[in-house]
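For clarity, every value in this text was computed on a predicted model and none was experimentally measured. Keep in mind that the numbers below use all heavy atoms, side chains included, and drop hydrogens, waters and symmetry copies.
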Amino acid sequence: MERIPILRMGSTLLVTIQVDMQDQTALALQDDLADRIAKTGASGVMIDISALEIVDSFVGRMLASISGIARILSATTVVVGMQPAVAITLVELGLSLEGVKTALNVERGLALLQRAGVASGHVD
């Protein structure tokens, strides 16, 4: 099974999803991120989905779940780079991604995290 890398930039964890998300990959990402947030004390998580052309209802729910888990672990999550077709699909599926912050791109996502009090700091 493929694992999605999680990079640390100061107090922010950066996840760039470059593969089509299968259910097992999404579940592994959820577990890996929860573990990394707990181990590093990260206060921000940025998930870049700009390479995803399709997001099904399971992956949409997983993004919301990851955000909820991060929130419980005192981290703010921002999903960035959502393609218009993905946004349309999520709305058509009835998934509003409640509680998930979104930004158009990584730059705006970092700005959103900074406004939320999460400093990106230096790259580790």
Side-chain angles (χ1 to χ4, degrees):
M1 175 183 52
E2 226 171 326
R3 291 293 237 232
I4 296 176
I6 301 170
L7 305 174
R8 184 173 176 199
M9 297 177 2
S11 62
T12 299
L13 299 177
L14 174 63
V15 178
T16 302
I17 301 172
Q18 298 290 321
V19 297
D20 285 331
M21 288 282 282
Q22 304 300 320
D23 292 359
Q24 288 303 103
T25 308
L27 288 169
L29 176 60
Q30 176 181 286
D31 293 344
D32 292 348
L33 257 175
D35 187 52
R36 286 291 297 275
I37 292 167
K39 283 183 179 173
T40 65
S43 56
V45 175
M46 188 170 344
I47 303 173
D48 181 0
I49 63 168
S50 59
L52 294 183
E53 294 180 15
I54 298 173
V55 172
D56 63 14
S57 60
F58 180 79
V59 173
R61 285 192 307 274
M62 289 307 299
L63 289 172
S65 178
I66 287 169
S67 180
I69 291 166
R71 193 169 36 256
I72 289 169
L73 294 171
S74 299
T76 302
T77 302
V78 178
V79 175
V80 301
M82 188 178 300
Q83 301 287 340
V86 169
I88 291 167
T89 300
L90 290 174
V91 170
E92 288 174 348
L93 291 171
L95 297 172
S96 63
L97 298 184
E98 185 122 358
V100 178
K101 295 180 186 319
T102 60
L104 191 58
N105 55 39
V106 171
E107 183 179 359
R108 288 185 180 184
L110 284 173
L112 184 60
L113 285 173
Q114 287 173 341
R115 284 195 302 276
V118 178
S120 62
H122 63 282
V123 177
D124 286 339

Which atom of [X] lies closest to which atom of [Y], heavy atoms considered:
X      : Y     : result
Val45  : Ala75 : CG2-CB, 4.3 Å
Leu113 : Gly44 : CD2-CA, 4.2 Å
Leu90  : Gly60 : CD2-CA, 4.1 Å
Ala34  : Leu73 : O-CD1, 3.7 Å

Which distance, rounded to the nearest 0.5 Å, do you find between the [atom1] of [X] and the [atom2] of [Y]?
X      : Y     : atom1 : atom2 : value
Thr77  : Leu97 : OG1   : CG    : 11.5 Å
Ile37  : Arg71 : CD1   : CZ    : 11.0 Å
Thr40  : Leu13 : OG1   : CG    : 4.5 Å
Gln18  : Asp48 : CD    : CG    : 7.0 Å
Leu112 : Thr76 : CG    : OG1   : 8.5 Å
Asn105 : Ser50 : CG    : OG    : 9.5 Å

Query - Within residues 27-45 or reaching into it, pairs that qualify as salt bridge (Lys or Arg N to Asp or Glu O under 4.0 Å) - sequence neighbours excluded - result: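 Only Arg3-Asp32, Asp35-Lys39 qualify under salt bridge (Lys or Arg N to Asp or Glu O under 4.0 Å).
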Requested in this report: Any chance you could lay out the side-chain contact (heavy atoms from CB on, under 4.5 Å) test for Met82 and Val55, step after step, and finish with the verdict?
Outcome: CA-CA 10 Å; Met82 188 178 300; Val55 172; over 6 Å; no
Query - side chain to side chain contact (heavy atoms under 4.5 Å, CB included), paired with Met46, selected from Val79, Val80, Leu7 - result: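 Result for side chain to side chain contact (heavy atoms under 4.5 Å, CB included) with Met46: Val80.
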Requested in this report: Quickly, which of Thr16, Val15, Ile47 forms a side chain to side chain contact (heavy atoms under 4.5 Å, CB included) with Ile4? Name it, please.
Outcome: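 Going through Thr16, Val15, Ile47 one by one, the side chain to side chain contact (heavy atoms under 4.5 Å, CB included) with Ile4 is satisfied by Val15 alone.
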Query raised in the report: Within a radius of less than 6.0 Å around CG of Leu27, do more than 12 heavy atoms belonging to other residues, nucleotides or ligands occur?
Result: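 Yes, the 6.0 Å shell around CG holds more than 12 heavy atoms from other groups.
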Query raised in the report: Please, which pairs that meet side-chain hydrogen bond (donor to acceptor under 3.5 Å, both in side chains) have at least one residue in residues 79-95, sequence neighbours excluded?
Result: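 Qualifying pairs: none.
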Query raised in the report: What's the verdict on side-chain contact (heavy atoms from CB on, under 4.5 Å) for Ile49 and Met21, showing C-alpha distance, side-chain angles and the deciding distance?
Result: CA-CA 10 Å; Ile49 63 168; Met21 288 282 282; over 6 Å; no
**Report entry** Non-hydrogen side-chain atoms of Leu110 and Met9 separated by less than 4.5 Å
**Finding:**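 Yes, side chains in contact.
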